[in-house]
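Whatever order the structure lists ligands and atoms in, that order sets their numbers, starting from 1. Computation of the quantities below employed the complete heavy-atom set of this structure, encompassing side-chain atoms and omitting hydrogens, waters and symmetry-equivalent molecules.
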Amino acid sequence: MIDLRSDTVTRPTPGMLDAMMNAPVGDDVFNEDPSVNKLETFCAGLFGMESALFCPSGTMTNQIAIKTHTQPGDEVICEKLSHIYQYEGGGIAFNAGASVRLIDGDRGRITAEQVREAVNPDDIHRPVSTLVSLENTANRGGGSCYDFNDIQEIKVICLQNNMKLHLDGARLFNALVAKNETCRQYGQVFDTISICLSKGLGTPVGSVLLGPFDFIRKARRIRKVFGGGMRQAGYLAAAGLYALEHHVARLAEDHKHAQLLAETLQGKEFVGEILPVETNILLFEVKGRYTARELAARFREKGIMVIAISPTQIRMVFHLDISPDMVQQTIDAIHIL
Ligand SMILES: *Cc1c(COP(=O)(O)O)cnc(C)c1O
């Protein structure tokens, strides 16, 4: 099977398994796991941020960030298709008791002007706007990337309105590679950043939340409340360290594969709009003789797994476990669909 459903389906490589097997471990709830401590210190240094917290999932790092930044009744500003709103089970309401202001963005990205308009005035009737959350790359935007200037402009609005700025950077490394940007740039502009190790980077489990020392101290308490305090988590952290060393630069290959597939689909009579491919995600509209579900079923008959993310849209995601040979097989299959 060629599994293009998500970049979460990767299996650890032999090198990664080796690093995991040989990891020194301890009880991380006592702060005594050397591998977790090493990963947290490494990530904080990479972004030039004060502190970091290793968590089981990106949902947890985002939710801990939202809970730590807000008080119940506060309002979080984000794009309408953002993961924190659409795919975290209503966690903003459940975990933080916070309200949400949704912005209709451009392929998952919002502008400073939109944020400025979404900030509530200081009026006892209105929720207090305390947090802006961006997503880069934007998953439902088809892996779209922000221009760094636009992020800086949003930061200015945050500073003027006493709001914090959080980044859901589940696929931040894809954006960094695509746009030739650095972790440090992001560390300087965001108050907190969540990165996933289990997406394009190819580890089995784990995300890291980055932020100021005091913030991460509070976040560590919330992680415990959420049940995310893990014991000998160093086996997982070691996979993360290995991935950050070995699997970042190669993301460019996934981006090239997504681009090749977009070119193949272009002009096929069952393909409508293809969102511009900027990173490892390919989102396209299905039209004519197939619904998205039917086309996904046709792919499956040919040993290719894709996801129908809406009645009219299919998503393909490229990752570590998709070889150039598999890309060629997929291209050949499309020509005879
Ligand atoms: C995958 C993902 C997350 C986190 O998901 P988990 O499965 O909980 O690790 C967060 N944001 C975006 C945009 C994602 O794609």
Side-chain angles (χ1 to χ4, degrees), residues 3-10 12 39 43 52-67 76 78-92 94-96 100 102-103 105 107-110 131-146 151 165-176 178 186 190 192-210 219 222-223 226-228 230 233 236-237 239-240 243 247 251 254-255 258 275 278-283 307 309-310 313 315-320:
D3 197 342
L4 301 175
R5 289 173 303 167
S6 175
D7 45 9
T8 55
V9 301
T10 55
L39 174 68
C43 288
L53 185 67
F54 182 55
C55 292
S57 72
T59 298
M60 192 181 282
T61 41
N62 281 332
Q63 291 298 319
I64 289 173
I66 294 164
K67 172 69 185 155
V76 179
C78 64
E79 210 274 338
K80 68 179 191 303
L81 295 175
S82 56
H83 195 280
I84 60 163
Y85 178 69
Q86 295 278 354
Y87 304 115
E88 298 186 7
I92 299 175
F94 191 88
N95 299 315
V100 185
L102 298 178
I103 294 180
R107 285 190 285 128
R109 299 161 303 184
I110 60 179
L131 179 65
V132 176
S133 181
L134 307 182
E135 192 173 305
N136 200 24
T137 69
N139 176 20
R140 283 296 301 269
S144 58
C145 304
Y146 271 91
I151 295 175
L165 185 59
H166 172 70
L167 175 66
D168 176 356
R171 296 188 180 82
L172 178 59
F173 287 97
N174 292 89
L176 298 182
Y186 280 78
F190 284 95
T192 53
I193 298 177
S194 157
I195 56 168
C196 284
L197 303 168
S198 59
K199 297 274 166 81
L201 295 182
T203 78
V205 177
S207 287
V208 178
L209 178 61
L210 297 137
I222 304 295
R223 184 185 68 175
F226 285 1
M230 299 183 286
L236 302 172
H247 294 167
L251 292 169
D254 300 337
H255 301 173
L275 288 192
E278 298 187 35
T279 53
N280 67 328
I281 300 177
L282 170 56
L283 261 189
I307 284 190
I309 59 158
S310 80
Q313 282 179 303
R315 186 180 83 162
M316 294 180 170
V317 187
F318 295 84
H319 52 78
L320 193 59

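Applying the side chain to side chain contact (heavy atoms under 4.5 Å, CB included) test between Leu131 and each of Val76, Thr192, Leu165 identifies Val76 as the sole match.
At the top of the distance list for atom 11 (N) of ligand 1, counting protein heavy atoms only, stands Asp168 OD2, 2.6 Å. Protein heavy atom in closest approach to atom 3 (C) of ligand 1: Lys199 NZ, 3.3 Å.
At a heavy-atom cutoff of 4.0 Å, ligand 1 is contacted by both the backbone and the side chain of Ser57.
Distances between N or O atoms of Ser198 and those of ligand 1 include no value under 3.5 Å. In terms of polar-atom proximity, Glu135 is not counted as a contact of ligand 1, lacking any N or O under 3.5 Å from an N or O of the ligand.
Ligand 1 has Arg171 within reach: a non-hydrogen atom of the residue lies less than 4.0 Å from it.
You'll find the side chain of Cys55 reaches within 4.5 Å of the side chain of Ile64, heavy atoms only.
Considering Asn62, Val205, Thr59 only, the shortest heavy-atom separation from atom 8 (O) of ligand 1 involves Thr59. Between the choices Gly58, Ser82, Cys55, Ala138, the shortest heavy-atom distance to atom 6 (P) of ligand 1 belongs to Gly58.
The existence of a salt bridge linking Glu278 and Arg107 is confirmed by a sub-4.0 Å separation between a basic side-chain nitrogen and an acidic carboxylate oxygen.
Relative orientation of the Phe190 and Tyr186 rings is parallel, given thresholds of 30° and 60° on the angle between their planes.
Separating the CD atom in Glu79 from the CZ atom in Arg109 is a distance of 10.0 Å, to the nearest 0.5 Å.
With sequence neighbours excluded, the residues that form a side-chain contact (heavy atoms from CB on, under 4.5 Å) with Val100 are Cys78, Tyr85, Ile92, Leu102.
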